[in-house]
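See below for the structure under consideration.
Per chain, numbering begins at 1; letters A, B, ... match sequence-line order. These numbers were taken from a predicted model, which means no experiment stands behind them.
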Protein chains: 2
Amino acid sequence: MTKIIVCMLSKKTQYSILALVRLAREYEKGPVLISSISESERIPQKFLESILLELKKTGYVNSKKGKGGGYYLIKNPNEVNLADLHRLFEGAIALLPCASTKFYESCHHCKDEETCGIRSKIKDIRDETVRMMKAISLADIITRENDLLKTF
Amino acid sequence: MTKIIVCMLSKKTQYSILALVRLAREYEKGPVLISSISESERIPQKFLESILLELKKTGYVNSKKGKGGGYYLIKNPNEVNLADLHRLFEGAIALLPCASTKFYESCHHCKDEETCGIRSKIKDIRDETVRMMKAISLADIITRENDLLKTF
DNA sequence: TATTAGTCTATATATCCGATAGAATATGTA
DNA sequence: TACATATTCTATCGGATATATAGACTAATA
């Protein structure tokens, strides 16, 4: 009975970041095959298809059919940040719905939200987390990768 | 088909915080009945029982059976922080298992963890989140609550 | 005409979440 | 000892969600 590690990002979000970073590396170099992304990032192809489709609907990527086709990034790698991706695939960034701005909902448990200490503290965390995630773009990830490659 | 808001904290964690804050308010004032916590915090009693049991096993609270019994906090309210509670009920704080220290696991997707830009950036977020959550104790929540009550 | 993405359906497992019910056990007190 | 009170343990539940896999057919493009 091994304890399962539950992390916050689903496979879907994780795969979408991997795929987008890959596409960011090929930014403005033409379409990339689904099968190529699937192989290089080790993402189940059918699963990847549905993810890319979602990313297309949301305006991150576009696709071209036929020979020489594939997917390509349409947003600038500087403009795609982790906060937006998280909100797209996971929903709220706040730890409690009552502390969320984009996905606000009452938590139904405090008598008065304005004076709820838990909510207030959780909001502090959310503010800072959003700030950090907004500050991380695809371009930043690639830059960090290049930096790390130099030191190893 | 209303979109379900997915937040990061499960009811279990939320309830455990509520229950502990309640017990922190009665710190060193003797045991509190499960039924009393259940009512005041509006937590389903049976669910609360299993939560308190888990909190007892982990050394946060203790219980007394029989008349005049109930649950009481054994740790100092200053020493119980959100980071530890999160780890107990939710697991890792990091967004990806490969970026976690307490619940580390390979993510099986980068070729080289040491030079993975995603992992590195996610680690940055984790470090800061842990720092913030460690800094929020039950006592802090109660203090914040009292502060808010003054201004409203 | 070969290639590649898009759409659709269907299936499958696995896991988790929130909650409930009832029996068993321990404690304090009269 | 007997009783009331309270916690402990076990077990189960429906429903939702996550993570895929498979196949068939359509549409676009070089």
Side-chain angles (χ1 to χ4, degrees), chain A residues 1-16 18-19 23 30-39 41-58 61-72 74 88-92 96-97 107-109, chain B residues 1-16 18-19 23 30-39 41-58 60-72 74 89-92 96-97 107-109:
Chain A
M1 192 78 79
T2 51
K3 162 92 175 166
I4 306 292
I5 307 305
V6 182
C7 262
M8 286 163 166
L9 292 190
S10 63
K11 286 283 174 198
K12 201 169 180 181
T13 309
Q14 196 184 339
Y15 290 163
S16 76
L18 283 163
L23 291 181
V32 183
L33 292 185
I34 294 182
S35 60
S36 166
I37 303 172
S38 162
E39 268 181 47
E41 309 305 316
R42 279 174 286 181
I43 305 170
Q45 180 153 343
K46 281 289 184 182
F47 200 14
L48 177 60
E49 280 180 30
S50 68
I51 290 167
L52 288 171
L53 220 49
E54 204 162 341
L55 287 171
K56 184 181 173 179
K57 277 182 199 146
T58 341
V61 303
N62 205 352
S63 63
K64 246 182 98 176
K65 290 181 179 181
K67 201 165 190 175
Y71 274 91
Y72 53 96
I74 46 179
L88 174 59
F89 289 108
E90 307 282 342
L96 290 174
C107 73
H108 305 299
H109 274 91
Chain B
M1 192 77 79
T2 51
K3 161 91 175 167
I4 306 291
I5 307 304
V6 183
C7 262
M8 287 161 166
L9 292 190
S10 62
K11 287 282 174 199
K12 201 169 179 180
T13 310
Q14 196 184 338
Y15 289 164
S16 76
L18 282 164
L23 290 182
V32 183
L33 291 185
I34 293 182
S35 61
S36 163
I37 303 172
S38 162
E39 267 180 48
E41 310 304 318
R42 279 175 284 181
I43 305 169
Q45 179 153 344
K46 283 291 183 180
F47 199 16
L48 178 59
E49 281 179 28
S50 69
I51 291 166
L52 288 171
L53 213 53
E54 205 161 338
L55 287 171
K56 183 180 171 179
K57 277 182 200 148
T58 342
Y60 286 97
V61 303
N62 206 352
S63 63
K64 247 184 96 177
K65 289 184 180 180
K67 202 166 191 173
Y71 274 90
Y72 55 95
I74 45 179
F89 289 108
E90 307 282 342
L96 291 174
C107 73
H108 304 298
H109 275 91

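Between the CD1 atom of B/I37 and the C1' atom of D/dT7 there is a distance of 12 Å, given to the nearest Å. Rounded to an integer number of Å, the gap from CZ of B/F89 to C1' of C/dC16 is 15 Å. Between the CD1 atom of B/I51 and the C1' atom of D/dT7 there is a distance of 15 Å, given to the nearest Å. The NZ atom of B/K11 sits 12 Å away from the C1' atom of C/dA19 (whole-angstrom rounding). One can place CD of B/E54 at 14 Å from C1' of D/dC9, the figure rounded to the nearest angstrom. The separation between B/L48 atom CG and C/dA19 atom C1' is 13 Å, rounded to whole Å. The CD atom of B/E90 sits 12 Å away from the P atom of C/dC16 (whole-angstrom rounding). As rounded to whole Å, 16 Å separates atom C1' of D/dA11 from atom CZ of B/F47.
Every residue two or more places apart in sequence or in another chain was checked for a side chain to side chain contact (heavy atoms under 4.5 Å, CB included) with A/K65, and none qualifies.
Taking all atoms of both residues into account, the shortest heavy-atom contact from B/L55 to B/S16 is CD1-CB, 4.3 Å. The two residues A/K64 and A/Y72 come nearest to each other via the heavy atoms N-CE2, 4.3 Å. The shortest heavy-atom contact between B/Y71 and B/L23 is O-CD2, 3.5 Å.
Remark: side-chain polar atoms of B/S38 are paired, donor with acceptor, to backbone N or O of B/I43 under 3.5 angstrom. A side-chain donor-acceptor contact under 3.5 Å links B/T58 to the backbone of B/E54.
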Item to check | Pair pattern of DNA chain D in dot-bracket, where unpaired bases get dots and | marks partners in another strand, Watson-Crick or G-U under 3.5 angstrom | outcome: ||||||||||||||||||||||||||||||
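Not one side-chain nitrogen or oxygen of B/Y72 sits closer than 4.0 Å to the OP1 or OP2 atom of D/dT7.
Counting only heavy atoms from C-beta outward, the side chains of B/Y15 and B/I37 never approach each other to under 4.5 Å.
When only modelled atom types and interatomic distance are considered, B/S35 and B/Q45 share no side-chain donor-acceptor pair under 3.5 Å. In summary, the side chains of B/S10 and B/T13 do present a donor paired with an acceptor at a separation below 3.5 Å, with no hydrogens or angles considered.
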Which atom pairs link the protein and nucleotides 5-11 of chain C when you take only N or O atoms and keep those under 3.5 Å?
from	atom 1	to	atom 2	distance (Å)
C/dA5	OP1	A/I34	N	3.0
C/dA5	O3'	A/S63	OG	3.3
C/dG6	OP1	A/K56	NZ	3.2
C/dG6	OP1	A/S63	OG	2.5
C/dG6	OP1	A/Y71	OH	3.1
C/dG6	OP2	A/Y71	OH	2.2

